[in-house]
Asks: 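First the structure, which I've put down as structure tokens, then a few questions once you've had a look.
Quick note on labels: first sequence line is chain A, next is B, and so on, each numbered from 1. Because the structure is a prediction, the values reported are computed rather than measured.
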Amino acid sequence: SQQGEEDPQALSIQEGENATMNCSYKTSINNLQWYRQNSGRGLVHLILIRSNEREKHSGRLRVTLDTSKKSSSLLITASRAADTASYFCATVKNTGGFKTIFGAGTRLFVKA
Amino acid sequence: DAGITQSPRHKVTETGTPVTLRCHQTENHRYMYWYRQDPGHGLRLIHYSYGVKDTDKGEVSDGYSVSRSKTEDFLLTLESATSSQTSVYFCAISEVGRADTGELFFGEGSRLTVL
């Protein structure tokens, strides 16, 4: 089964509202990352948080990591219609080689 | 944009035929990955490579093989395609391990339909 699982599967909000997506994982990790995918395109890296970090910010993005609960959250503040996309968490684990495993994603729709 | 090229971008084939997808990078990154993306499953790791001739299995490796004879090329082969392998395939590259950044750069995907 997959390392990361996102919640909710889909989220619809109004422009200007905040969007929160959650990710849970099962085993120890080296770091956790969030990616964005626009329809029909490849994924684009948003932010990385290391296992010894608890919170990280990048522009309108805030990521938290709770290794004791094996969970992470991505907050997008003041959302815009252009934020409409799918968002994926990914965990990186050193198993001899570095495997990057993705969750099923959250589909975010921001209404203008 | 990272220099990653996937080919072909679209392919329709019949059950039982062999298929090879190619991923070519110009970044000299050590790690290369093949994922498949299906509705409701997100991205699932098929195989990955951490150097020339060094490969390992991912979550869904059955029915797939890979080869990496040069740093820049990572080939994914379906020896005998089945309808369950209809999917969008993404190649990704990374320098993870050198600076523990682990950021993946993705290609634009290859859409494969097996009839």
Asks: Going only through I, L, V, M, F, W and Y residues with side-chain contacts under 4.5 Å, is there a path from B:Leu75 to B:Tyr64?
Replies: no
Asks: Applying disulfide (SG to SG under 2.5 Å) as the test, list every pair that has at least one member in residues 53-85 of chain B; sequence neighbours left out.
Replies: none
Asks: Tell me, for A:Gln9 versus chain B, whether the close heavy atoms (under 4.5 Å) come from the side chain, the backbone, both or neither.
Replies: neither
Asks: Quick one: list whatever passes side-chain hydrogen bond (donor to acceptor under 3.5 Å, both in side chains) with B:Thr71, sequence neighbours left out.
Replies: none
Asks: Yes or no on side-chain contact (heavy atoms from CB on, under 4.5 Å) for B:Phe90 and A:Gln37, after CA distance, side-chain angles and deciding distance?
Replies: CA-CA 12 Å; B:Phe90 285 98; A:Gln37 183 182 35; 3.6 Å; yes
Asks: For B:Gln6, is it the side chain, the backbone, both, or neither that has a heavy atom closer than 4.5 Å to a heavy atom of chain A?
Replies: neither
Asks: Should B:Tyr48 and A:Lys99 count as side-chain neighbours, where that means a heavy-atom distance under 4.5 Å?
Replies: yes
Asks: Is there side-chain contact between B:Glu59 and A:Phe102, with heavy atoms separated by less than 4.5 Å?
Replies: no
Asks: Would you give the length of the straight line joining atom OG of B:Ser94 to atom CD of A:Gln33, rounded to the nearest 0.5 angstrom?
Replies: 7.5 Å
Asks: Can you tell me if A:Tyr35 uses its side chain to pair, donor with acceptor, with the backbone of B:Leu104 under 3.5 Å?
Replies: yes
Asks: A quick test of your reading: do over 12 heavy atoms of other residues, nucleotides or ligands sit less than 6.0 Å from CD of A:Gln14?
Replies: yes
Asks: Determine the sole option in A:Thr100, A:Ile101, A:Leu43 for which the side chain to side chain contact (heavy atoms under 4.5 Å, CB included) test with B:Tyr35 is passed.
Replies: A:Thr100
Asks: Evaluate whether atom CZ of A:Arg60 has more than 12 neighbouring non-hydrogen atoms of other residues, nucleotides or ligands under 6.0 angstrom away.
Replies: yes
Asks: Quick check: are there more than 12 heavy atoms from other residues, nucleotides or ligands sitting under 6.0 Å from NZ of A:Lys111?
Replies: yes
